Structures are given as structure tokens and as C-alpha cells.
Amino acid sequence: MNTLLEVKDLNVSFQGNENETVNAVSGLSFFIREKEILALVGETGCGKSAVAHAVVRLLPSESRVMGTIKFGGKNLLELSEKEMSGLRGKEISIIFQNPSLALNPVYSIEHQLAEPLRIHGQKMKKKVKKTEGKKENNALSKVVKALESMGFSNPHECMRYYPSWCSGGMNQRFLIAASNMLDPVLLIADEPSKGLDRSRVAELENELKGLKERSGTSMLLISHDLSFVRRLADRIAVMYAGEIVELAEPKQFFEKPFHPYALGLLKSLPENGFIPIPGSSPSLSSLPEGCRFHPRCSFKEKRCMQEHPELKESKGRAVRCFLWA
Amino acid sequence: MGLIAKNLARTYRTGLWKEKCIFRGVTFELKSGKTFGLMGPSGEGKSTLGRIVAGLEKPTEGTVCFNGKPLSGMKKAEYAAFRRSVQMMFQDPTEAFNPRKRIEQSIFEVLNLLKTPETEHALRTKKMLETVGLSEELLFRYPSQLSGGQLQRLALGRILLLEPEYIVLDEPTSALDVSVQAQVLHLLKRVQAEQKIGYLLISHDEAVVHFMADSYGIIKNGQLNITDA
Amino acid sequence: MMQKEAYLQESTRRWKDSIAHYLNFDIWKYERTLKKLNREGLFLFAFFLVLALFPSLFAPYSPTERFISYESPSIAHLLGTNDIGNDILSELVYGTRISMMVGFASACISTLIGLMIGLCSGYFRGTLDELLMGFTDVVLTIPKIPLIIILGAFLHPSIWTLILVLGLLSWESIARVVRSKTLQIREAGYVKSARCMGFSSFHIMRSEIFPNLTHVLLPKFMLATASAMISEASLSFLGLGDISMKSWGIMLSFAFSRGGFIRDMGWWYIPPGVCITLCVMSIALIGFGFEERDKERGNRGVDAE
């Protein structure tokens with residue numbers, strides 16, 4: 001399968017509140033194949049959102065981004081703002097956290113779903129003309145279709161809703177429908193499951209899965225929730241303190257995680273009895289020397305405190321640890 | 001004795017004559033040293049129930065009894081004792097402390113409220129930080145400079161200064177990462193074992209409730225069904 | 001032919017690009033100048049403040065000292081003299097204190113009242129809120145300048161009544177802003193837990209809510225000062241000021257009524273006007289600067305999550 005998005009040596013840093021340099025992302029490399037879901041898993045403050053924002057170039061202007069992000073043969077970091085906004089929403093679309101905030105409360109669902117069509121230059125016609133033989137190319141029918149594909153049985157009614165009338169789950173589905181209006185090839189979902197109930201998370205999981213099967217969209221799924229990612233992702237990348245520490249397929253990963261941090265994460269899951277990792281994540285402005293996980297690691301050796309391990313790859317999985325060198 | 005919720009009901013006025021009932025006939029008891037879990041889907045009024053038990057809101061019907069006395073109609077001194085003994089911990093740790101004050105100031109204010117002499121402030125703060133497992137340098141920072149886990153522990157520590165008998169935990173870990181959630185849950189268990197505090201744990205996460213609770217209730221369609229774990 | 005079309009398309013694209021680029025650049029420049037203006041506002045304000053605090057250092061003569069009247073600018077009298085022979089430059093320097101005092105004092109009064117009412121109605125809500133906000137609405141409907149003119153006619157025109165009246169009539173917008181901010185803050189976790197721990201309402205309002213209000217209060221205070229100074233100037237110009245305390249507005253009024261305009265003595269009526277404009281502008285700029293800083297702080301999203 002072809003590679004769709006390739007990120008190489010991505011570095012993101014910015015000035016913190018007290019003029020210290022925050023290295024949000026350092027030396028990050030990964031790729032996403034076509035029709036593949038890559039999950040970027042990590043805890044708060046590990047720089048995973050910065051990756052998502054770097055890919056769509058929505059980082060604040062004062063942050064420094066280095067490296068290459070290749071998408072369809074182009075380096076996204078070198079495109080002009082105009083070219084980039086042509087890509088956003090059309091080929092790469094984004095779902096942000098908190099569905100009720102991402103939809104504008106003063107516009108109807110129809111208006112918001114048709115927005116990407118309008119921006120990217122397709123005309124909107126008011127009524128569905130069911131002329132046979134003609135392509136149903138107008139926006140309204142597309143909106144209807146998108147809603148139907150998201151599992152709404154009464155799309156014509158739903159279109160007239162306003163975000164405040166609907167539950168969080170419904171808004172989430174509207175949001176996914178909106179991000180999928182132009183059949184993007186890559187969908188970036190930044191913490192889509194945050195703040196949702198368990199049942200809603202399961203719903204979201206099915207929707208994203210269905211989306212991938214129907215339209216073959218690749219996804220970069222950014223989440224802190226391992227159990228959410230488990231059934232959805234084709235590959236899982238675990239981030240710690242701004243770098244990827246382990247990359248593996250979910251089956252292998254959940255059977256036997258290699259990196260001590262990944263092991264600790266799995267152990268602290270509810271089904272494994274909430275066994276915590278001691279200590280807390282380092283701040284991104286003052287990273288420890290050597291392996292970034294060593295202060296909390298129970299397998300650490302002398303070497304871990306001095307040398308910084310590289311990401312070693314073998315048989316489709318990669319790990320950044322001396323134990324597995 | 002203990003903290004007893006009797007026949008609580010809460011209704012909202014949606015129009016001039018319309019009323020919407022969130023829950024009705026809710027009865028349960030919090031015992032010291034035990035955890036009562038409260039589960040249910042969002043929008044079923046779990047948090048409202050928690051705030052009523054903590055005395056921050058008034059129920060439409062029913063009473064909350066603390067040590068055999070109903071909350072409404074308590075004398076001032078009794079209410080002050082209740083206010084000290086029943087505390088509440090909130091979901092969002094980033095909001096738990098005033099962003100304009102250093103942590104130290106927020107904590108010393110609580111000690112001032114307790115009329116602790118100033119000479120003992122440093123000592124008590126140190127003791128508290130030891131209990132929740134944090135280092136002293138955090139005191140001189142602002143809340144925005146701390147992580148969610150650290151803030152949630154500090155919030156618990158600040159509550160513990162008041163030596164409460166009951167704590168209402170409103171989704172204490174749902175804003176935290178998995179590994180931090182595990183840390184905070186273990187801390188809560190340890191504190192309960194040491195100080196014999198009764199918890200009312202409100203959570204939508206079954207696993208958390210099963211891990212923590214001695215008995216739990218599910219609130220659904222305005223009714224509470226209690227099960228012993 | 002094809003080549004030509006392609007060339008045309010390409011050239012229009014380039015034009016658009018360059019225009020967009022130019023505009024973009026322009027926007028940046030505009031923002032930067034605004035920031036610079038903000039700093040200049042601060043300098044200007046500091047200058048006026050020094051003038052107001054130590055007028056004797058800058059004024060060449062005492063404002064009551066008399067010379068030959070209606071004199072043109074000369075080295076002895078840089079801005080000439082007025083109808084009764086006072087040095088206009090000295091008058092101008094001494095007027096700074098009065099104009100600024102009226103502005104700040106009435107802004108203090110209005111901010112204080114607005115803060116109290118907004119805080120109480122936002123924090124206690126319920127009936128008190130309804131009452132206070134109803135009262136605010138009533139005050140809001142009172143036409144201010146006409147009322148002040150009537151009051152000025154009936155009361156003894158003194159600077160203190162002016163300050164009081166201006167202060168007592170311009171707190172509504174501050175009260176509204178403070179109330180809405182308080183409503184928002186009282187739902188924050190730290191206020192709820194403070195209530196839970198049994199802190200008194202007064203302590204919560206003073207120590208938990210008030211520090212989080214300062215960043216909305218400061219720009220409001222600055223803008224209230226500026227508008228009070230303008231009101232004072234216009235009222236004084238209408239002849240409702242205190243003649244014994246010569247502010248810039250009264251200087252303008254005298255220049256108008258005692259022959260400054262007729263004799264075309266630009267050095268009499270232009271400087272106080274310019275001073276009022278500059279001083280109000282500097283204060284407003286500082287106020288905008290505060291607001292801008294607040295916005296920037298709010299926009300600083302995307303942290304290292």
C-alpha cells in the first residue's frame with residue numbers, strides 16, 4: 001500500500017509563559033498508509049496535539065516547526081497559506097475536541113455541513129431535484145447523503161436542527177459528517193473521545209470504523225484513551241515527552257508491550273487493576289538527560305541515565321529502549 | 001448516624017407551569033470509612049445530587065440528615081460543623097485553584113479559616129503534602145504551571161486540612177489520564193483507610209466505581225437502584 | 001493563443017498573490033503601529049501625570065499672576081496672555097491637574113459603585129440580582145448630560161458636585177460587565193470549593209472573585225476616566241464648570257466667551273483643545289492596550305498537549 005502522509009524529524013518548539021523553550025515535539029517520524037488508521041496515544045502534555053496542529057499548520061505563529069511533512073508528494077510545511085487552506089477541509093479534514101464547541105450555535109446543521117462545499121467552490125441549490133439521469137451533484141443532496149451515512153434516519157429533519165437542540169453524541173456525528181463532506185483522504189481526529197460517556201465512545205468508535213470502510217479514509221487518531229483506540233487502530237504509536245517510544249500493531253501491543261512506559265500504561269487501565277506508574281511526566285521545558293522515561297522506569301540501568309536511546313525498528317514494530325536493542 | 005439522604009427529589013421549572021423532574025425518591029446512606037458509588041448516564045442529575053448532599057444546593061423535596069439532624073433548620077454552629085465535615089471535590093482540576101494566587105496562598109487561606117496559628121502553617125502544609133505525595137516546591141507555583149494530576153492531589157490535600165468526615169467526589173478522575181487516574185484512585189483509597197472518611201463517588205465509569213465502591217447505586221430515569229458490591 | 005491565456009492567468013494569480021501579500025504585510029504593520037501607539041500612550045500619559053503633579057516646575061508663572069492682556073505669543077509668554085492678562089501656558093499647565101482629577105475621581109466613584117453592584121448581583125443572584133439590575137436599567141435610561149445641566153443650574157457649580165454627578169451616573173456599563181464576569185467565575189471550581197469549605201461570602205468575593213476581575217476592570221476604569229474628562233470639558237464649555245478651578249474645558253469656554261475666537265487668537269483656544277484630545281487619547285490607548293493584552297492571553301491556546 002502507498003504511503004499517504006509521511007512525517008520526518010518533526011520538531012515543534014515554542015516560547016513558554018516564562019520565556020523557557022518548550023520542546024513540544026522532538027524528532028518525530030511516522031507515516032500513514034492509505035486506508036489506515038494510525039493512533040497517536042499519549043498523556044496530557046506529551047505533545048500529541050502539537051503534532052496534529054503541525055500537520056494542518058494551525059500552530060500559533062510564534063512556534064518553530066522543523067522537519068518535513070509529506071502529503072501527496074508535497075511538503076506541507078513549505079506550502080503557502082493559500083495552498084494550505086485549499087487542502088484543509090478538502091483533502092485533510094480535522095475533528096477537534098468537544099463537539100458542542102466546534103459547531104457554531106447560530107447556524108443550522110445544514111448550513112454548517114454545506115459550508116465546506118461552499119468554501120471549496122461548489123454551488124448550493126436550495127431544493128433537491130430528483131431528475132433521473134442527472135447526477136445529484138448539488139450540495140443539498142450531498143448533505144442528505146452525508147447525514148444518512150452517519151446513521152440518521154430522518155436527514156431532512158435533522159438538517160434544520162441547531163447544535164444546541166441536539167445531544168453531544170448527535171453533534172459529534174454532525175461534526176464527523178461535516179468533516180467528511182468533501183471525501184477527504186486524511187482525517188485528523190484530535191481527542192474525539194474526550195468528555196464523552198462510555199456508550200457514546202462506543203458509538204463514535206463504530207462511526208469512525210464505518211467511515212473508514214465506506215470511503216477508505218485514512219485517519220490520524222490522537223487520543224489518551226487506550227481502550228478506545230484498541231479496536232479502531234491499525235497501528236498504535238505511543239508518545240512520551242515529545243517523542244514516539246513504541247510503535248506496533250494493536251494485537252501485538254496489547255499482548256506484549258515492549259517499552260516500560262507502554263507496559264505501565266496498560267497496567268493502569270481499569271481492566272488490569274489501576275496499577276499506577278510512579279512519578280509524573282516531565283515538563284516539556286526541562287526534559288531529563290538520557291532516556292526521557294528513566295526517572296520513572298523500574299528497569300533502568302546506568303546507561304539509561306546517560307544515553308538517549310534511538311527508535312529501533314524490527315518486524316513492523318519499533319521501540320525506543322535499550323532493553324530491546 | 002452518618003450522612004443520610006432521605007427521599008430527595010429535584011425538579012426544574014422549564015416554563016411558567018411546566019416542571020421537569022430530574023430524580024425523585026432518592027434515598028441512600030453514607031457510612032464513614034465506606035464508599036458509595038453513584039453511576040448513571042450523563043444528564044441524569046448525578047452532579048446535582050452530589051451538590052445537594054454537600055449542601056451547596058437545596059432539594060425540591062426530601063432532606064439530607066447529618067448526624068441525625070436535617071440540614072434545613074440547623075443552627076448556625078451546627079451548620080458550620082456540617083460545612084467543615086462534608087466536602088466536595090470537583091471534576092476539573094485546572095479550575096480547583098484560583099489562577100491568580102500561588103498554591104501556597106490558597107492553602108494558607110484555608111489554614112487561616114481553621115484559625116491555625118501562623119507558626120504552624122508551614123508544618124501543617126508540609127504534612128499535608130507528604131500525605132498526598134507531592135514536593136514542597138509546588139507551593140510557590142501558580143495553578144497553570146501544574147499538571148492535572150498534581151492539582152487534583154492538591155485539591156484533595158486542601159480538603160483533608162479541614163479533616164472532613166465525608167467527601168463528595170464528583171467525577172474526580174474523568175479529566176485525568178489513565179496512569180494519573182490510577183495514582184489518584186490509589187491515593188483516595190489510602191486516605192480513606194487512614195482517616196476513615198466516607199466517600200460519595202460520582203462517576204460514569206463503571207470500572208472506577210467497581211474498583212472503589214463498597215456499594216453502589218445506578219440512577220436511571222430519575223430512580224436510584226442500589227446494589228451491594 | 002494557449003500560451004497567452006496561460007500567461008494571463010498566471011499574471012492575474014501573481015497580482016492577487018502580491019496584493020494579498022501586500023495586504024497581509026499591511027495588517028502586520030498596522031498591528032505593530034497599534035502596539036507602538038499603546039506604548040506612546042503610556043509615555044504621553046506619564047507626561048501629563050507629571051504636569052499634573054508638579055505644575056510649578058513647568059509653568060513659567062503663577063496662573064493668577066497678571067500681565068498685559070491679549071498679548072500674542074512671545075518669548076516671555078510662549079502662548080500669549082488672556083483677557084485679564086494671565087499667562088496662558090501657565091494656565092494650561094495648572095489646568096492639567098484639575099482636568100485629570102475630575103476624570104480620575106469620577107472614574108473611581110463609578111468603578112467602585114459598578115464593582116459593588118455587579119459583584120453583589122452576580123454572586124448572590126436571585127431577588128437581589130433582579131433588584132440591582134432593574135435599578136441599573138433605570139439609571140441607564142437617564143439622559144446624563146441634560147441631567148447634569150439641570151443639576152448644574154440648580155446646585156452651586158463646584159468641581160466636587162461635577163465629580164459626584166459624573167461618577168454617580170456612569171457606573172452601569174461597569175456593573176453589567178462585572179456582573180456577567182462574576183456569574184461566570186462563581187461557577188468555577190475554586191469558588192465552589194471555597195463555598196464548600198465554609199469561607200464567608202465576603203471573603204469569596206474579595207479574595208477569589210475580585211482578583212479575576214481586575215483585567216476587565218482596568219480597561220473599563222481607563223475608558224471611564226477618558227469619558228469623564230470629555231464630559232467635564234464639554235460641561236465646562238457650556239459654562240457649567242467651576243470658574244474658581246480653571247480646567248482645560250473652562251479655558252476653552254473663556255476663550256470663546258471673552259474674545260479668543262473673535263480676535264483669532266489660536267494660541268488661546270487651540271492648546272487646551274489639543275491637550276484634552278491628547279490626554280483622553282493616551283488614557284484610551286492604555287485602556288485598549290489592557291484589553292488587547294487580555295485578549296492575547298485568552299488566545300494563547302494550543303499548549304503542549
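Computed from a predicted structure; not experimentally measured. Numbered from 1 within each chain, the chains take letters A, B, ... in sequence-line order.
- Using a 4.5 Å cut-off between heavy atoms, B:V110 contacts chain C through both its backbone and its side chain.
- Interface residue B:L56: backbone and side-chain heavy atoms are both found under 4.5 Å from chain C.
- Contact count versus chain B (heavy atoms, under 4.5 Å) is highest, among C:G198, C:G189, C:C196, C:A188, for C:C196.
- Under a cutoff of 6.0 Å and an axis angle of 45°, B:R102 and B:F140 do not form a cation-pi pair.
- Between the C:T111 side chain and the C:F221 main chain, no donor and acceptor come within less than 3.5 Å of each other.
- Ion pairing between B:K101 and B:E109 holds under the 4.0 Å rule for side-chain N and carboxylate O.
- Checked by atom type, the side-chain pair B:T125/B:E104 shows no donor-acceptor distance below 3.5 Å.
- At a 4.5 Å heavy-atom cutoff, B:D92 makes no contact with chain C through either its backbone or its side chain.
- For a residue to count as touching a neighbouring chain, one of its non-hydrogen atoms must lie under 4.5 Å from one of that chain's; by this rule C:T214 touches chain B with the side chain only.
- Salt-bridge formation is detected for the pair C:R176/C:D137: a Lys NZ or Arg NE/NH1/NH2 atom is positioned less than 4.0 Å from an Asp or Glu carboxylate oxygen.
- Contacts of B:F97 with chain C are made by backbone atoms alone, with heavy-atom separations under 4.5 Å and no side-chain atom involved.
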